[in-house]
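Notes for the one structure printed next.
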Number of protein chains: 2
Amino acid sequence: MLPTLRPVTRAGEATNEGSSESTPSVAPSPLARQSDASAGEPARRVSDATVSRLPVYLQGLVSLAGEGAASVSSESLADLSAVNPATLRRDLAGIGITGTRGVGYDVKYLVHEISVVLGLNQEWPVIIVGVGNLGRALANYEGLATQGFPVQALVDIDSSIVGSAVAGVVVEHFDDISAVVAREAISVGVIATPAAAAQEAAQHLIDAGLASLLNFTPVPVVVPDHVQVRGVDLATELQILSFYQQRSTAAARGTGLPLGTP
Amino acid sequence: MLPTLRPVTRAGEATNEGSSESTPSVAPSPLARQSDASAGEPARRVSDATVSRLPVYLQGLVSLAGEGAASVSSESLADLSAVNPATLRRDLAGIGITGTRGVGYDVKYLVHEISVVLGLNQEWPVIIVGVGNLGRALANYEGLATQGFPVQALVDIDSSIVGSAVAGVVVEHFDDISAVVAREAISVGVIATPAAAAQEAAQHLIDAGLASLLNFTPVPVVVPDHVQVRGVDLATELQILSFYQQRSTAAARGTGLPLGTP
DNA sequence: GCGTGTGAACTCATTCACAGCC
DNA sequence: GGCTGTGAATGAGTTCACACGC
């Protein structure tokens, strides 16, 4: 289940802002077993849209499995996942999963295959940059570790914090990011800094060799193509909701602007 | 070091910069004026994709305004927002915002217009369903109120919690949702319950008349067409990152080359 | 019969490229 | 000259509809 993380590359250098293009040498990951089906196939191109729905399917499937369901139809699972059944079938076909005509999909098989495709059969150690309120909350959130994303490093620029322990992890200095990432075989970088520092944090994480970032600030960070960033920002979400809320209330007011008239 | 979101200039709050624009003061009743200045036009259909980018633009603009910039080119703002310049221009044109050829867009005007379009010139009171760890953290997060989303109600099913105060708000019983929503003129419902209760919470919020939900659980909630739901789930985001992480490490191993190949 | 797998049509979004205006 | 505004091309994703296998 969990491959051991062994310090491989011991990078002692503290990138002092000077090293421009640094060594992307970090190859932290424990082995990633590709979808076990047939090995020799060319890499399937799974679309981003599909990938973003897989966790949703998985959620529903786990719930179904808990109820003892042995198989599901695309329609049932689609309902649970709030998507169109055809989309669900396309997605599954796209990752090489096949069902049985007239019957449906095998729940256990689906759970396993999706887990493998998502890479959930291994651990992805996480570093959190910025140990403020949010950073601390995340570090203390057990959900991370239980889902396979153990928080194994914390860094901050504030030297009055460095050295203290949060959730059993000692806070290290931001400047030592590269060394820390290498030492702990980190795979995912979480940006929990003030917004103004987000880009710099991202840059250092990338320089340290990371290719997966989770950004909690409201500012988008600019990254090279090979790096994936996901943003999670409360204010952004609320502002989007605000738009639709305003639109619907405006419509409800009935200001001569008919709303749902197709 | 919480994710400091600076007080987004609520329309009406004068950010004392140039006095060029006539910042209309907050009207007694904050009417939701549709984007477009010339009344009578049929409601523009702003695409979902555009709406989701507006908060990002706004973020960059507020930052630019803070630096004293008077105008921006689509290219500059697009860089800040990590989008294509043409997309930015299309988005702005779509909400009726026009720039000046050869010059760019007026920063203050843009900030104001986008704020109005998003509905940020008024407050949207929030109810939080589920006063556990997450619910409490959200209730205590000042960012919500300063961004125009004051938490004015908390409900839970656990009667041992009901009656206590969190962040100055008394927790009421889940069964009284409808009354609470009406009394406090709530606009946005936040689901911070355990995953298993998400759908029921959503249903009650919708029954109470809400059309904007923010779901912090990993399970998608099924809602009628007129209701907008945004999901914010850490596990989902991490699982998506996990996929790309796995893919990139697999690719790196396959080629034996570092990711960037010239 | 039932439900998957997929051709085909359709809708929507992104991006180029350039004409038009300052 | 610089930068906006937008037709047109490209591409991605969704959904219908139905043939095929159980």
Side-chain angles (χ1 to χ4, degrees), chain A residues 37 41 44-54 56-57 60-61 64 69-110 113-114 220 222 225 240 243-244 262, chain B residues 20 35-38 41 44-54 56-57 60-61 64 69-107 109-110 113-114 220 222 225 240 243-244:
Chain A
E41 274 183 35
R44 305 174 196 281
R45 240 324 176 263
V46 184
S47 83
D48 291 349
T50 295
V51 174
S52 71
R53 282 186 294 263
L54 292 181
V56 179
Y57 301 153
L61 286 164
L64 284 171
S71 72
V72 222
S73 68
S74 63
E75 190 176 357
S76 312
L77 185 52
D79 282 351
L80 275 182
S81 310
V83 301
N84 183 291
T87 298
L88 172 54
R89 294 197 295 272
R90 271 250 139 78
D91 284 339
L92 294 182
I95 60 175
I97 292 179
T98 175
T100 308
R101 299 184 191 214
V103 179
Y105 297 88
D106 184 84
V107 173
K108 285 199 62 176
Y109 175 65
L110 230 53
E113 282 304 305
I114 294 181
V222 181
D225 280 351
I240 294 171
F243 172 87
Y244 291 108
Chain B
S20 56
S35 64
D36 143 70
S38 55
E41 250 180 57
R44 303 175 194 283
R45 241 327 177 256
V46 184
S47 83
D48 291 350
T50 294
V51 173
S52 71
R53 281 186 296 262
L54 292 181
V56 179
Y57 301 153
L61 287 164
L64 284 171
S71 71
V72 223
S73 68
S74 63
E75 190 177 356
S76 311
L77 185 52
D79 283 350
L80 275 182
S81 310
V83 302
N84 182 291
T87 298
L88 171 54
R89 294 198 294 273
R90 268 253 140 76
D91 284 340
L92 294 182
I95 60 176
I97 290 179
T98 175
T100 308
R101 298 181 194 222
V103 179
Y105 298 87
D106 184 85
V107 173
Y109 174 66
L110 230 54
E113 283 302 307
I114 294 181
V222 181
D225 281 349
I240 293 171
F243 172 87
Y244 291 108

Search all heavy atoms of [X] against all heavy atoms of [Y] and return the closest pair with its distance.
| X | Y | value |
| --- | --- | --- |
| Leu54(A) | Ile95(A) | CD2-CD1, 4.0 Å |
| Val46(B) | Gly94(B) | CG2-O, 4.3 Å |
| Gly60(B) | Leu80(B) | O-CD1, 4.0 Å |
| Ser76(A) | Ser73(A) | OG-OG, 2.8 Å |
| Pro220(A) | Val56(B) | CG-CG1, 3.6 Å |

[atom1] of [X] to [atom2] of [Y]: how many Å apart, nearest 0.5 Å?
| X | Y | atom1 | atom2 | result |
| --- | --- | --- | --- | --- |
| Leu61(B) | Glu113(B) | CG | CD | 12.0 Å |
| Ile240(B) | Asp48(A) | CD1 | CG | 9.5 Å |
| Leu110(B) | Leu64(B) | CG | CG | 9.5 Å |
| Thr98(B) | Tyr105(B) | OG1 | OH | 7.0 Å |

- Message: Students often get this wrong, so: under 4.0 angstrom with heavy atoms, is Thr50(B) touching a base, only sugar-phosphate, or nothing?
- Response: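 Thr50(B): no heavy atom of the nucleic acid under 4.0 Å.
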- Message: Quick check: do Leu77(B) and Val107(B) have side-chain heavy atoms less than 4.5 Å from each other?
- Response: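 SC-SC contact between Leu77(B) and Val107(B) ruled out.
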- Query: So which one's nearest nucleotide on DNA chain D is more toward 5', Thr100(A) or Thr87(A)?
  - Reply: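 Closer to the 5' end of DNA chain D: Thr87(A).
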- Message: On DNA chain D, compare the nucleotides closest to Ala86(B) and Ser47(A); which residue's is nearer the 5' end?
- Response: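 Its nearest nucleotide being more 5', the pick is Ala86(B).
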- Message: If you assign Leu92(A) and Gly102(A) each to the DNA chain C nucleotide with the nearest heavy atom, which residue ends up on the more 5' nucleotide?
- Response: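 This one resolves to Gly102(A).
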Return a table of donor-acceptor pairs under 3.5 angstrom between the side chains of residues 83-90 of chain A and protein atoms on other chains or two or more places apart.
from     : atom 1 : to       : atom 2 : distance (Å)
Asn84(A) : OD1    : Ala86(A) : N      : 2.7
Arg89(A) : NH1    : Ser74(A) : OG     : 3.0

- Query: Between the axis at one end of the helix from dG1(C)-dC22(D) to dC22(C)-dG1(D) and the axis at the other (five pairs apiece), what's the angle to 10 degrees?
  - Reply: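 The angle separating the two end axes equals 10°.
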- Query: Tell me, which of residues 71-82 of chain A have any heavy atom that sits under 4.0 Å from an atom in DNA chain C?
  - Reply: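 Nucleic-acid contacts, sorted: Val72(A), Ser73(A), Ser74(A).
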- Contact boundaries on DNA chain D for chain A, cut-off under 4.0 Å to non-hydrogen atoms: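 Nucleotide range in contact with chain A: dG13(D) to dC22(D).
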- List in chain and number order the residues that pass side-chain hydrogen bond (donor to acceptor under 3.5 Å, both in side chains) with Tyr57(B), two or more places apart in sequence or in another chain; answer none if no residue qualifies.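 side-chain hydrogen bond (donor to acceptor under 3.5 Å, both in side chains) list for Tyr57(B), sorted by chain: Arg53(B), Asp91(B).
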- Start and end of the DNA chain C segment that chain A contacts, any atom under 4.0 Å from a heavy atom: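 Result: dC2(C) to dA8(C).
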